[in-house]
Amino acid sequence: MPKYYEEKEEDGRACSGIREDFKACLLQHDCVVKEGKMPSQCLKEGHCKALQTSFFECKRSMLDTRSRFRGRKGY
């Protein structure tokens, strides 16, 4: 679910909403906060898998030639 902030700069990059939520999910997860592991290690363990898949699908849709008709996936 996207997070909206009133005093936030606009990020014009593609998939910025998913990127922001994915980053927040990893950095606030117990794996990083309590156990002190790197976010890349937590990804390998399978944390925030749904957002990782959504981010991948959004980035892949940028390369898909059919996306000019359908639009990019994600928010």
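Note that the coordinates shown come from a computational prediction; the quantities given were computed from them, not determined experimentally.
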To the nearest 0.5 Å, tell me how far Met38 CE sits from Cys31 SG. 11.0 Å
Minimum-distance pair of heavy atoms, taken over all atoms of Leu27 and Pro39: CD2-CG, 4.1 Å
Just jot down the salt bridge (charged side-chain N to carboxylate O under 4.0 Å, His left out) partners of Lys37, sequence neighbours excluded, or say none. Glu35, Glu45
Rounded distance [0.5 Å steps], NZ in Lys49 versus CZ in Phe22: 9.0 Å
Take the SG atom of Cys25, take the SG atom of Cys48, and say whether they are under 2.5 Å apart. yes
Can Phe56 be reached from Ile18 by stepping across I, L, V, M, F, W or Y side chains whose heavy atoms are under 4.5 Å apart? no
Sorted by first residue and then second, give each ring-ring contact (aromatic ring centres under 6.0 Å, His included) pair with at least one member in residues 25-47; sequence neighbours left out. His29-His47
Check Cys15 against Met62 and note the closest heavy-atom contact, atom names and distance. SG-SD, 4.3 Å
Salt-bridged, Glu20 to Lys23, with N to O below 4.0 Å? no
